[in-house]
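I have placed the structure first, in the form of structure tokens, so that the comments after it can refer back to it.
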Amino acid sequence: MSIINNSIQKAVALLNQDEVIAIPTETVYGLAGNIFSPKAIASIFSIKERPSFNPLIVHIKSIESLPSIAREIPEKAMLLANAFWPGPLTMVLKKQPQIPDSVTAGKDTVAVRVPNHKVTLSLLEQLDFPLAAPSANPFGSISPTQAVHVAHYFENKLPMILDGGSCERGIESTIIGFDDGEPILYRLGSLAIEDLEAIIGPLKTIVHDEKAPPAPGMLSRHYAPNTTTYLTDTISADVAKFANQRVGVLAFKQEVQNTSICAQEVLSVSGSLLEAASGLYAALHRLDEKNLDVILAERFPDSGLGKAINDRLQRATKK
Ligand code: AMP
Ligand code: MG
């Protein structure tokens, strides 16, 4: 049997044996293990080559499991959970003592969410424990949104990749923390800020030290292709500057017309930010495989999901 398959039963058996497997979610594929298994948690960090000071997100099957993970649940956290779970919202809350330090990197807080993917919800239903599941990519590289992306990174390191098709949202979850019950934005993601603010009012954005961010997704270089990538407001003019090189273009709605372009990806001809976000990483993976000298990415409108797309493109461009 190929390591990419859709047997939930096999996934349950492997996870019960302290193994790490890849699982689908609506955001990106995750590298999942039992939060209470020291062996599984250690494997997640070693497979990803993720620094041990970076905590993991705990995935639970429903809102009812939240009190067993978090010891304090602010009113606004409850409002958000009711509005958006299952969904691409992670909340960082004070942890219950039984949540292992290896999962939270020794912090007194834990990041938690209910993923919105029917395969993984069914998997979680059949397990007696939550799953720690960071994105299934080597630390810092482009996140996987299809089972084949995971295979490309980790074919020989995993016993199984549970196939759930292409991730519907395609960008990591939005992360919110709380200070004295008031929400703070830690990481932009698949859930637009405007949607959160409609439920709980204005969000503060955390001001952080670039070298020691509260969440690794906030490191200035992350989600990055191997090919040198630039984010630009003037894509047509910039393509012309690379006339003698192998140029790839990542555009929002419209193709850039220039015969010197070697490869081009248009993310949403209809101008849908949702569609653009869901196809973003797959397009970056394809461009990155084409041996280009440079990828030029067009900046998105700075509202709704456009903010999260620009955030990821910005981090893809840093050296
Ligand atoms: P990933 O699943 O790889 O997209 O990364 C999960 C994100 O959640 C990382 O950026 C973590 O740092 C963040 N995270 C997990 N636990 C905490 C925590 N206790 N405090 C702040 N951020 C956290
Ligand atoms: Mg990640």
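In listed order, ligands and their atoms are each counted from 1.
The environment of CG in D302 is crowded: more than 12 heavy-atom neighbours from other residues, nucleotides or ligands sit within 6.0 Å. Crowding of Q264 atom CD: a count of heavy atoms from other residues, nucleotides or ligands under 6.0 Å exceeding 12. For NZ of K118, the number of neighbouring non-hydrogen atoms (other residues, nucleotides, ligands) closer than 6.0 Å is 12 at most. For Q126, the CD atom is densely surrounded, since the number of other residues' heavy atoms within 6.0 Å is greater than 12. Atom CG of N244 sits in a sparse spot, with 12 or fewer heavy atoms from other residues, nucleotides or ligands closer than 6.0 Å. Atom OH of Y230 sits in a sparse spot, with 12 or fewer heavy atoms from other residues, nucleotides or ligands closer than 6.0 Å.
Among the atoms of R50, some N or O lies under 3.5 angstrom from an N or O of ligand 1. Any N or O atom pair closer than 3.5 Å counts here, and R187 shares at least one such pair with ligand 1.
Only the side chain of I175 comes within 4.0 Å of ligand 1, judged by heavy-atom distances.
Assignment of I57 to the shell around ligand 1 is supported, since a heavy atom sits closer than 4.0 Å.
Using a 4.0 Å cut-off to heavy atoms of K107, the atoms of ligand 1 that qualify are 18 (C), 19 (N), 20 (N). Those atoms of ligand 1 with a heavy atom of S135 less than 4.0 angstrom away are 1 (P), 2 (O), 3 (O). Within the listing of ligand 1, atoms 2 (O), 3 (O) sit less than 4.0 angstrom from a heavy atom of P134. Remark: ligand 1 atoms within the under-4.0 Å shell around heavy atoms of A111 are 14 (N), 15 (C), 16 (N), 17 (C). Taking a cut-off of under 4.0 Å to the non-hydrogen atoms of T109, the atoms of ligand 1 that pass are 18 (C), 19 (N), 20 (N).
Heavy-atom proximity to atom 14 (N) of ligand 1, evaluated over A132, P55, G30, is greatest for P55.
When distances to the Mg ion (ligand 2) are checked against a cut-off of 2.8 Å, N137 contributes no N, O or S atom below that limit.
A side-chain contact (heavy atoms from CB on, under 4.5 Å) with F300 is found for exactly one of D311, I309, L305, namely I309. A side-chain contact (heavy atoms from CB on, under 4.5 Å) with S173 is found for one member of L89, N116, I57 and no other, namely I57.
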